[in-house]
Asks: 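Dumping the structure here so I can ask a few things about it.
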Amino acid sequence: MSDAPKHKHLVFSGMQPTNTLHLGNYLGALKNWVKIQNDMPCIYCVVDMHAITQDVGYGRPAELAQATREVAAAYIAAGVDLKKSLVFNQARVPAHAELAWIFNCVARLGWLDRMTQFKEKSGKHKERASVGLYTYPTLMAADILAYKATHVPVGEDQKQHLELSRDIAQKFNNDFSVPDFFPLPEPVITGPGTRVMSLRDGAKKMSKSDDSDYSRINLTDDADAIAQKIRKAKTDPAPLPDSEKGLEGRPEAENLFNIYAALADEPRARVVAQFAGQQFSGFKNALAELAVAKLTPIAAEMRRLLADPGEIDRVLADGAMRAGAIAGPVLAEVKRLVGFLH
Ligand code: AQP
């Protein structure tokens with residue numbers, strides 16, 4: 001059961017500045033971030049410390065700095081409102097790293113051993129993966145709990161990490177006899193876009209790190225690229241079904257319908273009924289038109305914001321100052337509870 005009412009409602013979420021954000025990041029998380037801003041205060045972090053856990057973000061300082069600005073620009077361009085929400089980059093607020101260390105001592109090896117994302121991302125050679133990739137979920141717990149955040153809007157793939165954050169919060173509360181100190185943060189995983197799949201393979205999640213650019217729609221793609229990727233998206237030879245049940249066993253068709261419903265903010269059943277019995281080509285044209293209409297204004301606004309990197313840096317620095325002012329007292333209290341002289 002949720003213990004959220006014991007704590008002031010507060011949202012925390014973040015994205016890694018590893019490559020350009022894609023449609024999955026947008027529909028699974030960012031779109032929901034924009035909505036939830038109307039219901040509770042929100043903190044949106046560009047998690048640059050998570051980005052160096054993998055080769056894509058490690059050892060490339062200029063690219064990491066640029067990707068950090070791009071992700072911040074994507075947040076704002078997609079509708080994160082700086083009057084309602086804090087936006088900053090993680091490395092600027094030391095409380096994240098300090099709390100993560102304490103959580104490394106709270107979490108158990110067995111808990112981390114179960115994390116499927118580490119298994120997927122480390123692949124066949126887990127001994128070559130960074131220790132940071134392994135302890136990623138404890139840093140994520142620190143990101144959330146440094147603010148005592150109660151709600152975390154994420155895509156389906158982050159559900160297991162969120163459960164670990166709750167376990168860490170619960171164990172800390174028990175171990176230090178402070179039953180309500182940390183809230184048990186609730187995942188907010190809603191809508192038909194919580195798990196957007198690759199356009200080339202309906203069994204694989206759309207991902208920034210997929211080798212094929214045709215597997216994903218980047219938030220920076222222009223209208224031609226979006227339309228071409230949707231036209232080339234893998235499908236099957238059967239006509240479109242007339243009910244949601246007909247999507248079973250057809251992962252590529254299901255993915256395209258999920259994307260349409262999420263972009264249009266319509267129930268998937270209604271979208272299926274609208275295109276019942278038609279060929280994929282007509283549906284793909286309609287989907288391409290919809291995706292271009294929804295995504296190209298975001299790309300244009302990102303370009304406008306990125307033309308003034310100094311302004312983005314000011315937004316991030318200001319956000320970090322305000323985030324640090326919230327996390328600082330929480331961390332001080334944690335240190336006192338642990339017994340650190342500080
Ligand atoms: N395919 C997806 N469908 C729905 N939601 C998704 N998210 C990611 N992929 C999908 C959600 O986006 C948020 C930010 O993700 P992240 O930047 O922390 O990295 P990730 O989950 O590891 O995403 P990628 O694209 O797969 O990155 P790489 O390839 O670098 O690992 C999260 O809320 C996530 O759920």
Side-chain angles (χ1 to χ4, degrees), residues 11-36 42-58 60 63-64 67-68 70-72 74-75 78 80 89-90 96 115-123 129-130 132-133 136-137 139-141 143-144 149 151-165 185-213 215-220 233 251-252 254-256 258-259 261-263:
V11 170
F12 180 95
S13 199
M15 301 208 188
Q16 300 187 72
T18 44
N19 293 329
T20 311
L21 298 187
H22 54 71
L23 186 64
N25 299 131
Y26 176 63
L27 295 178
L30 196 42
K31 198 163 179 284
N32 292 332
W33 295 9
V34 173
K35 275 196 198 136
I36 208 169
C42 300
I43 301 178
Y44 295 132
C45 187
V46 183
V47 289
D48 45 8
M49 285 158 59
H50 285 281
I52 65 166
T53 58
Q54 287 179 277
D55 290 350
V56 60
Y58 177 81
R60 297 181 171 85
E63 284 172 40
L64 179 60
T68 301
E70 271 186 29
V71 170
Y75 291 0
V80 168
N89 61 302
Q90 186 186 26
H96 293 244
M115 295 297 110
T116 54
Q117 186 164 296
F118 176 77
K119 288 177 194 155
E120 280 158 20
K121 290 195 171 176
S122 59
S130 73
L133 186 65
Y136 180 115
L139 177 58
M140 178 167 158
D143 297 338
I144 298 162
H151 293 77
V152 186
V154 283
E156 177 73 35
D157 60 326
Q158 291 296 330
K159 198 167 170 219
Q160 194 185 34
H161 287 166
L162 240 312
E163 278 159 12
L164 191 104
S165 296
E186 294 275 343
V188 181
I189 301 174
T190 55
T194 55
R195 189 167 174 84
V196 177
M197 308 308 280
S198 157
L199 298 180
R200 309 300 302 160
D201 178 352
K204 260 171 62 183
K205 166 183 110 117
M206 185 177 284
S207 164
K208 298 187 208 100
S209 50
D210 195 310
D211 290 340
S212 165
D213 196 49
S215 69
R216 65 184 158 260
I217 294 174
N218 302 304
L219 287 189
T220 48
E252 283 83 16
E254 182 171 26
N255 187 37
L256 295 182
N258 284 345
I259 293 173
L263 282 172

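Remember, it's 1-based here, ligands and their atoms both numbered in the order they're listed. These numbers come from a predicted model, not from an experiment. Atom set for the values below is all heavy atoms of this structure, side chains included, hydrogens, waters and symmetry mates excluded.
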Asks: Between ligand 1 and Gly24, is the shortest N or O to N or O distance under 3.5 Å?
Replies: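 Between Gly24 and ligand 1 (N or O atoms, distance only) the closest approach is under 3.5 Å.
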Asks: Would you please determine whether Tyr136 falls within less than 4.0 Å of ligand 1 on a heavy-atom basis?
Replies: yes
Asks: Under 4.0 Å from a heavy atom of Gly193: which atoms of ligand 1 are those, numbered in the order shown and with their elements?
Replies: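 Selected atoms, number and element: 4 (C).
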Asks: Check each atom of ligand 1 against the heavy atoms of Arg195 and keep those under 4.0 Å away; list them by number with element.
Replies: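 Those atoms are 3 (N), 4 (C).
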Asks: Does Lys204 pair with Asp210 as a salt bridge, N-O distance under 4.0 Å?
Replies: yes
Asks: Is there a heavy atom of Met197 sitting under 4.0 angstrom from any atom of ligand 1?
Replies: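 No; Met197 lies far enough from ligand 1 that no heavy-atom distance drops under 4.0 Å.
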Asks: Going by the angle between their ring planes, with limits at 30° and 60°, are His96 and Phe12 parallel, tilted or perpendicular?
Replies: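 Plane angle between 30° and 60°, so tilted.
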Asks: Nearest to atom 22 (O) of ligand 1 by heavy atom, Glu120, Lys121, His22, Glu156: which?
Replies: Lys121
Asks: Near Ser209, which atoms of ligand 1 are under 4.0 Å from a heavy atom of that residue?
Replies: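 The atoms of ligand 1 under 4.0 Å from a heavy atom of Ser209 are 28 (P), 29 (O).
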Asks: Does an N or O anywhere in Gln54 fall below 3.5 Å from an N or O of ligand 1?
Replies: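 No; every N/O pair is 3.5 Å or more apart.
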Asks: What atoms of ligand 1 come within less than 4.0 Å of a heavy atom belonging to Gly28?
Replies: 4 (C), 5 (N)
Asks: Minimum distance, heavy atoms only, to atom 20 (P) of ligand 1: which one of Met15, Lys205, Gln117 is it?
Replies: Lys205
Asks: Under 4.0 Å from a heavy atom of Thr18: give me the atoms of ligand 1 that qualify, with their elements.
Replies: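 Counting from 1, the qualifying ligand atoms are 30 (O).
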